[in-house]
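Heads up, the thing below is written out as structure tokens.
Note: hydrogens, waters and symmetry copies are ignored here, and every other heavy atom, side chains too, is used.
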Amino acid sequence: MMLIEIQRLIIVLIGALLNACSLNLFLIPANVYASGFTGAAQLISSILTEFTAFNISTGTLLLLLNIPVAILGWLKVGKSFTLYSFISVIGSTFFLAIVPVLNVSEDLLLNAVFGGVIAAVGMGITLKWGASTGGLDIVAMILSRMKDRPIGTYFFILNAIIILTAGLLFGWEKALYTLVTLYVSTRVIDAIHTRHEKLTAMIITTKTEDLKKAIYAKMVRGITTVPAKGAFTNKEKEMMIMVITRYELYDLEKIIEEIDPEAFTNIIETAGVFGFFRRDN
């Protein structure tokens, strides 16, 4: 278990380093903006530098924006996810301070594409290991637990504000290249992790009660059980069916590995959910 946590920490810090490299080597020199809280911090930093006497770095603003979100996440989402997500934010702030801001290319398109790809690789591997780069991911977790509504709407709103503000203040060309960055980032994250916000897990196991207790201890998802029988062995089993968010996939995988490594698990991409998929308290 300790080895897994060390690996998780290393992956989160690598993701933070990639995020910092994306910003300082490609996006910040080109005035092209990332998505979510990172893009918001980048935009606020640009506005302060351009229109006021204050000069606050993107890394510092990213940390400040994430502090209230991390506190809320600690109370509402879970300590492990929030802790590693905040470590990712602190790591990004640290690496943004030590990685030099260099204009690697004069080509705006190259900056937009490579900045988006590198940032997305960092975000993708971080998500795959049960953490996030902070900000909107934690907000999305909270919203998905409170109201079973599409998370993408909130991402779209914030990113739309970033693009429109960047266009109005710094020119529509930069806003359009920001759209390129957002599109590339989304496609790469989809390839590394999953593009679906919600997933259906079907777990065939002989240890239903133990798995239910472990899952309920970490998640607020409802579970439906269906009797099942092995066709070859004729052994009586049960199939557990549950819908989770993509942020909970790592935790579910680790619970199954710990309680019943021999369980057969099928993860299906879920296009939509009607009704609640939370466990009633």
Distance only, no hydrogens: is a donor on one side chain within 3.5 Å (strictly under) of an acceptor on the other, for Thr200 and Thr270?
yes

I'd like to check [X] versus [Y] (side-chain heavy atoms, cut-off strictly below 4.5 Å). Are they in contact?
{"X": "Gln42", "Y": "Ile28", "answer": "yes"}
{"X": "Ser45", "Y": "Leu48", "answer": "no"}
{"X": "Asn111", "Y": "Asn103", "answer": "yes"}

Taking [X] for its side chain and [Y] for its backbone only, find out whether a donor-acceptor pair lies under 3.5 Å.
{"X": "Asp210", "Y": "Ile259", "value": "no"}
{"X": "Asn24", "Y": "Leu96", "value": "yes"}
{"X": "Thr225", "Y": "Met239", "value": "no"}
{"X": "Ser88", "Y": "Tyr84", "value": "no"}
{"X": "Asp107", "Y": "Leu110", "value": "yes"}
{"X": "Ser22", "Y": "Leu18", "value": "no"}
{"X": "Asn66", "Y": "Leu62", "value": "yes"}
{"X": "Ser185", "Y": "Gly116", "value": "yes"}

Does the plane of the ring in Trp129 sit parallel, tilted or perpendicular to the ring in Tyr250? Use 30° and 60° as the thresholds.
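Judged by the thresholds at 30° and 60°, the geometry between Trp129 and Tyr250 is tilted.
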
